[in-house]
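Notes follow once the structure below has been shown.
Residue numbers start from 1 in every chain, and the chains themselves are labelled A, B, ... in the order their sequence lines are given, proteins ahead of strands.
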Amino acid sequence: MENIKVHKQYPFDEIEPRWQKYWEENKIYQTDLSRSENKLYCLMMFIYPSGDKMHIGHWYNYGVTDSWARYKRLRGYNVFEPMGYDSFGLPAENFALKTGVHPAVSTEQNIEYIRTQLKSIGAMFDWSKELATTDPEYYRWTQWLFIKLFENGLAYRKKAPVNWCPSCKTVLANEQVEEGLCERCDNEVTRRDLTQWFFKITAYADRLLEGHKKLDWPNKTITMQKNWIGRSEGCEIIFKATSTSADIPVFTTRADTIFGVTYMVLAPEHPLVKQITTSDQKQAVGEYIEQARKQSEIERTSTVKEKTGVFTGAYAENPMNGEKIPIWTADYVLMGYGTGAVMAVPGHDERDFEFAKKFNLPISEVIAPEGGNPEGELEEAYTEYGQMVNSGAYSGLGSEEGMRKVAEYLEKIGRGGATISYRLRDWLISRQRYWGVPIPIIRCPECGDVAVPEEELPVLLPKTDDFRPAGDGSSPLAKIPEFVETTCPECGGEAKRETETMDTFVDSTWYHLRFLDPEYAAGPFNPNIVDKWMPVDRYVGGSEHAVTHLMFARFINMFLYDEKYVKFEEPYPVLRHQGIITNSGAKMSKSHGNVVIPDDYIKIYGSDTFRAYLMFMGDYQEGGDWDDSGINGIHRFLGRVWRLVEPNCAGLAKREFPEFIKEQLEGIDKDVYIRLNKTIKKFGQDFETQKYNTAIASIMELLNTLYKALESSRLSTVFFFAIKKLLWLMAPITPHLAEELYHKSGFEGSIFNSHFPDYDEDATVGDQITMVVQVNGKVRASLDVDPDLSQEQFEELAFAEEGVNRHIEGKQIIKKIFIENKLLNIVVK
RNA sequence: GCGAGAGUGGCGGAAUUGGCAGACGCGCCGGACUUAGGAUCCGGUCCUUCACGGGGUGGGGGUUCGAGUCCCCCCUUUCGCACCA
């Protein structure tokens, strides 16, 4: 990179800053939000100012989406394109810890820096609507949101085994743990029992699933959310411990296998384990629980691991047949799903089968293949649906009917019934870190947890130099008595503030509402504008947020909808992801040290070239591996545009053009005219479907045709007409270059306040088309002919071709296939 | 293991959805202009063959007049999920 010496194709370094300044001074991108006709709220996931420079991924999202939005603007849309900072959170805080600078200061500096970088993109960001989640006037309303959830019973505190990252020294939501590793620092996550704040997203599980139907989102993203929510229809069955009579509910999707239960298993963390374990098994069980606790999530959930477990000494009674079965504890049962206990049916569940084999537990066969016979001795678990056997009065029923009947019976006797289970857990939102929104709760010994009154918001994050995480599960705020000591808003007695802060994902659940009027003081957002401008018309960001931000924001929005704060249920009806750009096949990340920073490229080539290259590289939704070897070609392309238009554009604005008619044009003029109209048409289609690479390729073809015109004749009216239209084709892709040439052509004001050219449909095809003649499917001739020839007319031409005759001579024609305007295939023998 | 994509020249990638495979660009080769070329402009560039031809879209089979595109099996690869009862 350092050694690259590139020929500067045109004075981008002079052009780009000049137009950025012009756009800013003339408020070209300040959207009039009082008008909502043709509104287009184009939102890109805002940025995390962590002290790092903007990387390629940001440019890929922001630059390319901006080009799309510019195209829409030229099409007459009133585009709103805001940008702001998701500035609370661990990366910012870790940067502060590393540099020793207070996060409030470093965040401010980082924002300053990132803003400069963002501006270098030359996007249509409406800087008058900039916001930062660390601004007290913003987080005041994040706290307001918390209180609303709290008042509605959707924010609550409970003690639970939670994910703890020893390196970040805080708890994490399930969604922030990837394969047992902390998504931020890649360290192993351990479990701790802590009392934490949760948002009751599970109350919205079905609504979140239902809402998917209304969303124009990538299928994959919807699937990820569906899997994450993990809705599963089944049956609750309440077993009873024989010694203590304690109820042990289990969840199963296969109630039809109930007669095949030969033992049951409780998760090691299950609270009943300690109660029911008999004294002679106490030691073994205790040791087992201890080792299970110490295991990491990775070891624990590995499917290849051999099953382990211990008998508790206790027994349970099967409610269907009164059978006594042993109760085991084993870590293949997870406390976090269902009831943390399962009925084991080794005959019809692979995991139970494996376990039963290892510990010599009985295996009984209660489902036979439909119409088939029982195996007698099972070699492996039979997990398909089938017909119930050895199941008392239920024998003979099909699986599905059996499940229904068993559930009905259990319900009648009060021992369970049909139910639905979800994988989704409530969202753990408290964090033991400094750099976040303080949870606005006061803990009173008399009144319990009391919300801070709205008029006292925001609860300001106290200034302190000791913001290091304690690591013992307490928040750094707990060390600040002036912050902690307070009085109860209800009884006036002495009370303490909650010292934990909120997960940053809470901040971004509602930022799209705030963007529309970030100064609004009477509430979290201005309802007049929100009603007109929401929902977001197009949302673009990384797919890594599928089950975090995107799901959380939907949940919160549904809550705001239910509480009648907003009139729409889905905040982001249309979502697109940019692809991921890798480096030598590996995901770019700081820990790999392979992050590509665009700054050097911008210096050498300019923003327009870099943006255009990102669009040209490949399929936008696919992404791809970073390879800068082609960037010169794009830079050359812009240079070719420059050299073609710049010397020829004087006075273009005032120049009158006749209405061209394809049939009346000849030679290169006709070629140029047809190519131009083809390109305008294709450009529009490709931009709508995000096929930016082929849109640019098509402009290149136009440009090649124009260079031919330049070479072959004196410059014609059509030529000037075409270079004028070219300005608009370039504008979304290379906004600075286009704006410069627009003004050099004598236009006033910004090209982005003008309108994209229409095309002449008649001239999008040549007046001759190419048809082929095949013999036995092989192309033997290719003819330029008038369109819409009949088979007879075309055959006459085809059989006159020497290349065709050579291949049919002396052979018998079996049949002829004629496809209008395409081909004639002659089948011979 | 399960699910969803993808596999096309030396490279990035096109192909109106079953109808001329390789658009456009990079790279490379040649020409022009030039003291010069790392600039620019023009031309060439899938493989093989002097040519006529022949072969060719991960591999194998199939459907069809015709398959990169549809169907079956296999391989590779990316992503997501992964003891979810």
Side-chain angles (χ1 to χ4, degrees), chain A residues 4-9 179 218-221 223-224 226-228 230-232 234 250-254 257 264-265 300-305 307 330-334 336-345 348-352 354-355 421-424 543-544 546-547 579-580 582 585 613 616-619 621-634 636-637 639-640 643 682 685 691 693-701 703-704 707-708 710-711 770-782 803 806 814-819 821-828:
Chain A
I4 290 184
K5 267 207 162 154
V6 180
H7 177 82
K8 192 164 87 178
Q9 293 277 345
E179 297 190 357
N219 279 333
K220 199 170 189 166
T221 310
T223 306
M224 279 170 75
K226 276 188 183 154
N227 291 343
W228 189 264
R231 184 180 200 273
S232 169
V250 302
F251 174 77
T252 179
T253 52
R254 291 300 301 272
T257 63
M264 68 185 302
V265 185
R300 172 77 189 268
T301 57
S302 162
T303 30
V304 291
K305 195 190 83 169
K307 298 264 180 295
D331 66 3
Y332 81 92
V333 171
L334 308 172
Y337 183 76
T339 61
V342 302
M343 60 178 218
V345 187
H348 305 285
D349 181 282
E350 283 166 26
R351 298 150 299 179
D352 298 342
E354 198 192 322
F355 191 81
S421 180
Y422 299 88
R423 205 187 84 113
L424 182 70
S543 57
E544 68 273 18
V547 295
I580 295 167
T582 53
Y613 183 57
F616 186 64
M617 260 176 44
D619 187 312
Q621 321 221 26
E622 287 284 316
D625 205 44
W626 176 249
D627 172 12
D628 61 14
S629 65
I631 195 166
N632 245 325
I634 284 288
R636 191 177 300 147
F637 162 60
R640 275 163 71 81
R643 287 187 296 276
K682 181 157 179 61
Q685 289 170 341
K691 302 231 172 251
N693 51 342
T694 48
I696 293 176
S698 152
I699 302 175
M700 287 171 169
E701 289 186 73
L703 198 66
N704 290 340
Y707 266 85
K708 282 210 178 70
L710 195 62
E711 196 189 18
T770 306
M771 288 185 66
V772 289
V773 187
Q774 299 179 329
V775 178
N776 286 349
K778 289 194 197 306
V779 178
R780 297 303 177 188
S782 147
R806 199 170 30 226
I814 296 168
K815 68 166 146 178
K816 294 179 279 194
I817 288 115
F818 180 75
I819 310 288
N821 292 336
K822 288 244 158 85
L823 55 75
L824 174 71
N825 188 9
I826 303 161
V827 186
V828 298

Q: For A:Tyr332 and A:Ala344, work out which heavy atoms get closest and say how close.
A: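 What the structure gives for the nearest pair is OH-CB, 4.5 Å.
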Q | Nearest atoms (heavy-atom pairs only) where A:Asn825 meets A:Leu823 | A |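 Scanning both residues completely, I find the closest heavy atoms to be N-CD1, 4.1 Å.
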Q: Taking syn as within 90° of 0 and anti otherwise, name the glycosidic form of B:G9.
A: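 For B:G9, whose glycosidic angle is within 90° of 0, the conformation is syn.
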Q) Using the glycosidic torsion, which applies to B:U57: syn (within 90° of 0) or anti (everything else)? A)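 Nucleotide B:U57 adopts anti.
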Which whole-number value in Å describes the distance from [X] [atom1] to [N] [atom2]?
| X | N | atom1 | atom2 | value |
| --- | --- | --- | --- | --- |
| A:Glu701 | B:G22 | CD | P | 13 Å |
| A:Met617 | B:C24 | CE | C1' | 15 Å |
| A:Asn227 | B:A4 | CG | P | 11 Å |
| A:Lys226 | B:G3 | NZ | C1' | 13 Å |
| A:Ile631 | B:G27 | CD1 | P | 12 Å |
| A:Lys691 | B:U17 | NZ | P | 13 Å |
| A:Glu544 | B:C81 | CD | P | 12 Å |
| A:Leu334 | B:A82 | CG | P | 11 Å |

Q.
Could you tell me if A:Lys307 sits above the aromatic ring of A:Phe355, with its cationic atom closer than 6.0 Å to the ring centre and no more than 45 degrees from the axis?
A.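 Verdict for A:Phe355: no cation-pi partner in A:Lys307.
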Pull out every protein N or O sitting under 3.5 Å from an N or O of nucleotides 62-68 of chain B, one pair per line with the distance.
from: B:C65; atom 1: OP1; to: A:Lys815; atom 2: NZ; distance (Å): 3.2
from: B:C65; atom 1: O2'; to: A:Asn825; atom 2: ND2; distance (Å): 3.4
from: B:C65; atom 1: O2; to: A:Asn825; atom 2: ND2; distance (Å): 2.4

Nearest-angstrom distance, [atom1] atom, [N] to [M]:
| N | M | atom1 | result |
| --- | --- | --- | --- |
| B:G44 | B:G19 | P | 27 Å |
| B:C70 | B:G25 | C1' | 32 Å |
| B:U40 | B:G53 | C1' | 40 Å |
| B:U78 | B:C26 | P | 30 Å |
| B:G13 | B:A6 | P | 14 Å |
| B:A82 | B:C74 | C1' | 24 Å |
| B:U45 | B:A39 | C1' | 23 Å |
| B:C2 | B:C46 | C1' | 39 Å |

Distance in Å, [X] [atom1] paired with [Y] [atom2], rounded so as to fall on 0.5 Å steps:
| X | Y | atom1 | atom2 | answer |
| --- | --- | --- | --- | --- |
| A:Thr257 | A:Asp349 | OG1 | CG | 8.0 Å |
| A:Glu701 | A:Lys682 | CD | NZ | 8.5 Å |
| A:Met771 | A:Phe818 | CE | CZ | 4.0 Å |
| A:Tyr422 | A:Phe251 | OH | CZ | 10.0 Å |
| A:Met617 | A:Asp625 | CE | CG | 8.0 Å |

Q: Would you indicate whether the side-chain heavy atoms of A:Arg636 and A:His7 approach each other to under 4.5 Å?
A: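 Counting from C-beta outward, A:His7 and A:Arg636 never come under 4.5 Å.
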(Q) Taking the side chain as everything from C-beta on, heavy atoms only, tell me whether A:Lys691 gets closer than 4.5 Å to A:Asn693. (A)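 SC-SC contact between A:Lys691 and A:Asn693 confirmed.
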Using only side-chain N and O atoms of [X], determine if any of them is under 4.0 Å from OP1 or OP2 of [N].
| X | N | answer |
| --- | --- | --- |
| A:Gln621 | B:G5 | no |
| A:Arg643 | B:C41 | yes |
| A:Arg780 | B:C20 | no |
| A:Arg806 | B:G53 | yes |
| A:Tyr707 | B:C41 | yes |
| A:Arg640 | B:C42 | yes |
| A:Arg423 | B:C81 | no |
| A:Ser232 | B:A85 | yes |
| A:Arg254 | B:A85 | no |
| A:Asn704 | B:G25 | yes |
| A:Arg636 | B:G27 | yes |
| A:Lys778 | B:G55 | yes |

Q.
For A:Asp625 and A:Gly633, find the nucleotide of RNA chain B closest to each by heavy atoms; which residue's nucleotide sits nearer the 5' end?
A.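 Closest to the 5' end, via its nearest nucleotide, is A:Asp625.
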Q.
By nearest heavy atom, map A:Met224 and A:Thr253 onto RNA chain B; which one lands nearer the 5' end?
A.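 Per heavy-atom nearest nucleotide, the more 5' residue is A:Met224.
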Q: Would you mind classifying the nucleic acid contact of A:Thr770 as base, sugar-phosphate or nothing, using non-hydrogen atoms under 4.0 angstrom?
A: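 Base, at least one base heavy atom under 4.0 Å.
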(Q) Just by distance, no angles: are the side chains of A:Arg423 and A:Asn227 close enough, under 3.5 Å, to form a donor-acceptor pair? (A)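 No, no side-chain donor-acceptor contact under 3.5 Å.
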Q.
Is it the case that the side chains of A:Arg643 and A:Gln9 hold a donor-acceptor pair, with the cut-off being a distance below 3.5 Å and no angle test?
A.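 Present: a donor and an acceptor within the cut-off.
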Residue [X], side-chain atoms from C-beta onward, closest of [options]:
| X | options | answer |
| --- | --- | --- |
| A:Met700 | B:G25, B:A85, B:A23 | B:G25 |
| A:Val772 | B:C20, B:A85, B:C79 | B:C20 |
| A:Phe616 | B:A39, B:A23, B:G25 | B:G25 |
| A:Tyr337 | B:A85, B:C20, B:A14 | B:A85 |

Atom pairs under 3.5 Å, N or O on each side, protein against nucleotides 43-51 of chain B: can you list them with distances?
none

Q | Bracket string, RNA chain B, 5' to 3' - pairs by Watson-Crick or G-U geometry under 3.5 Å, | interstrand | A | (((((((..(((......[....)))((((((.......))))))(((....)))..(((((..]....))))))))))))....
**Q.** Partner set under side-chain contact (heavy atoms from CB on, under 4.5 Å) for A:Glu622, not counting sequence neighbours
**A.**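 With sequence neighbours excluded, A:Glu622 shows a side-chain contact (heavy atoms from CB on, under 4.5 Å) to A:Asp619, given in chain and number order.
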Q. Residues in side chain to side chain donor-acceptor pair (under 3.5 Å) with A:Tyr337, at least two apart?
A.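 Scan of A:Tyr337 (side chain to side chain donor-acceptor pair (under 3.5 Å), adjacent residues dropped) gives none.
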**Q.** Sequence-distant partners of A:Lys816, side chain to side chain donor-acceptor pair (under 3.5 Å), two or more places apart
**A.**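 A:Lys816: side chain to side chain donor-acceptor pair (under 3.5 Å) contacts with A:Glu795.
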